[in-house]
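The sequence lines fix the lettering, A, B, ..., with proteins before strands; numbering per chain opens at 1. Note that the structure is a prediction, hence the values are computed from the model and not measured.
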Protein chains: 2
Amino acid sequence: MPVPRAAKTQRRTRIQEEKEQIILEAALDVFSLHGFKGSTIDQIAEVAGMSKPNLLYYFRTKEAIHRALLDQVLDTWLDPLRELDAEGDPVAEIRSYVRRKLEMSRDYPRESRLFANEVLRGAPSIQEELADLKALVDEKAQVIRAWIKAGKIARCDPYHLIFSIWATTQHYADFDAQVRAVLGPDKSGEGRFEDAARFLEQFYIGGLQLR
Amino acid sequence: MPVPRAAKTQRRTRIQEEKEQIILEAALDVFSLHGFKGSTIDQIAEVAGMSKPNLLYYFRTKEAIHRALLDQVLDTWLDPLRELDAEGDPVAEIRSYVRRKLEMSRDYPRESRLFANEVLRGAPSIQEELADLKALVDEKAQVIRAWIKAGKIARCDPYHLIFSIWATTQHYADFDAQVRAVLGPDKSGEGRFEDAARFLEQFYIGGLQLR
DNA sequence: TGATAATTTGACCGATTGGTAAACAATACA
DNA sequence: TGTATTGTTTACCAATCGGTCAAATTATCA
């Protein structure tokens with residue numbers, strides 16, 4: 001009797017749920033640090049505390065782990081942007097968005113780096129997801145444009161505004177090594193995120209204010 | 001008589017100069033696209049138009065190519081920041097810095113991605129260079145602080161100001177795949193850099209203006 | 001309990017990869 | 001021209017890696 005691959009059966013056993021989460025957690029550690037090609041199944045298996053064949057019982061290929069991880073991460077990654085509310089106060093909404101994105105860099109740096117790795121390589125495995133992303137950004141760009149038209153915030157290109165928010169906030173996760181090197185050991189504690197928050201808040205409010 | 005490795009002799013033959021540049025150029029192509037682990041010596045050799053052992057005659061290891069490339073790139077990478085002039089007009093100086101950094105993202109995206117790859121992985125091979133970087137940033141942060149003290153620009157954290165300039169400008173090279181996906185095919189020409197320049201200029205001038 | 005399905009492991013395999021050895025070809029230069 | 005040096009290639013090796021297989025072990029449940 002051949003053993004059915006875990007992924008084939010409809011997810012039912014408790015042990016499958018658990019082990020798959022353990023594997024994805026370990027894979028996030030490894031992939032975010034070494035990239036896809038730089039990571040080995042053995043490394044992931046070791047971090048996950050199981051043998052390589054055992055890991056491959058739950059995910060048939062290295063690629064499958066990577067895909068599952070990206071799917072899981074990308075979904076939550078865009079939540080802050082989804083929450084941008086056309087009905088809210090424009091400046092407050094953007095300030096909240098910046099703050100939430102910065103918090104994600106602080107609390108989920110591995111996820112940020114996993115994503116950065118993927119995009120750096122030309123985003124080969126997330127083309128469809130990028131289409132969804134475009135749709136969401138298009139929608140929110142319209143919201144921002146409406147705010148501009150209504151004279152609520154300064155005139156600017158909404159797409160590049162969003163890019164700048166992504167860039168400035170994710171920088172603290174993706175370029176952490178550089179940020180720490182520049183700030184030095186004393187300023188490299190969690191306090192750097194509060195300094196960053198202060199700076200970004202002031203900057204975006206100033207930049208968006210009508211003048 | 002054993003053949004002396006090219007790197008050992010003092011660089012003299014014309015052919016060594018040429019081939020080493022060809023190799024570094026090819027390696028930049030490959031490393032910036034696939035990362036260090038994701039790149040193979042065979043790939044670099046093929047792009048360079050020579051055999052693998054021939055390439056290894058000029059650089060003894062894959063690591064050596066990578067190091068040579070990083071050294072060469074990092075040196076020019078900081079030029080724009082070096083040019084930030086304490087004697088110039090503060091707002092104009094920062095505007096020039098932003099513009100130059102953005103031009104580097106447009107004209108040297110491979111260099112940007114090579115660097116991003118390295119920092120993403122924790123910057124293992126450029127620790128000393130990061131120390132130089134810190135010294136330079138410290139110096140320029142003092143310049144900015146002086147401008148603030150003199151009431152020439154708005155009060156803000158100079159380190160995070162510099163981080164934000166790095167982040168927003170390099171974003172267009174490092175996250176090119178995402179930027180293109182969001183802007184769509186029509187807006188993905190070189191024109192996106194002019195839109196970005198307009199946005200960033202307005203934003204930094206607005207953010208730094210006294211109010 | 002016993003049978004059946006699910007889980008785990010050690011041994012292994014073929015492909016790829018970084019790097020070497022040694023012979024061969026081209027060049028510089030006395 | 002001859003010879004020593006530099007440059008190039010073919011063949012190869014050892015290590016690593018993604019993945020398989022069959023057997024062993026454990027959980028499930030009638």
Practice problem: Count the heavy atoms of every other residue, nucleotide or ligand shown that sit under 6.0 Å from CD of A/Glu194, and state whether that count exceeds 12. | Solution: no
Exercise. State whether B/Arg198 and B/Asp195 are salt-bridged, where the test is any N-O pair (Lys NZ or Arg NE/NH1/NH2 against Asp/Glu carboxylate O) under 4.0 Å.
Key: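 Looking at B/Arg198 and B/Asp195, the cut-off is met.
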Self-check item: Test: A/Glu129 and A/Arg67 ion pair at under 4.0 Å
Solution: yes
Quiz item: With a 3.5 Å cut-off and just heavy-atom distances, do the side chain of B/Lys62 and the base of C/dG19 make a donor-acceptor pair?
Solution: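 Counting by modelled atom types and ignoring angles, no donor-acceptor contact under 3.5 Å is found here.
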Quiz item: Parallel under 30°, tilted from 30 to 60°, perpendicular over 60°: which one fits the rings of A/Trp166 and A/Phe163?
Solution: tilted
Exercise. Report the residue (A/Phe36 or B/Leu55) whose heavy-atom-nearest nucleotide on DNA chain D is the more 5′ of the two.
Key: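 On the 5' side of the pair lies B/Leu55.
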Quiz prompt | Sugar-phosphate only, base, or nothing, as touched by B/Lys19 at under 4.0 Å among non-hydrogen atoms | solution = sugar-phosphate
Expressed as a whole number of angstroms, how long is the span from [X]:[atom1] to [N]:[atom2]?
X: A/Ile22; N: C/dT8; atom1: CD1; atom2: C1'; value: 14 Å
X: A/Lys52; N: D/dG18; atom1: NZ; atom2: P; value: 7 Å
X: A/Ile44; N: D/dG19; atom1: CD1; atom2: P; value: 11 Å
X: A/Ile15; N: C/dT7; atom1: CD1; atom2: P; value: 6 Å
X: A/Tyr58; N: C/dT9; atom1: OH; atom2: C1'; value: 13 Å
X: B/Glu63; N: C/dT17; atom1: CD; atom2: C1'; value: 16 Å

Is the shortest side-chain N/O distance from [X] to OP1 or OP2 of [N] below 4.0 Å?
X: B/Ser51; N: D/dT8; value: no
X: A/Tyr57; N: C/dT7; value: yes
X: B/Asn54; N: D/dG7; value: no
X: A/Gln16; N: C/dA6; value: no

Exercise. Measure from the side chain of A/Leu56, starting at C-beta and using heavy atoms only, and say which of D/dG19, C/dA11, C/dA6 lies closest.
Key: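 My answer, after comparing the listed nucleotides, is D/dG19.
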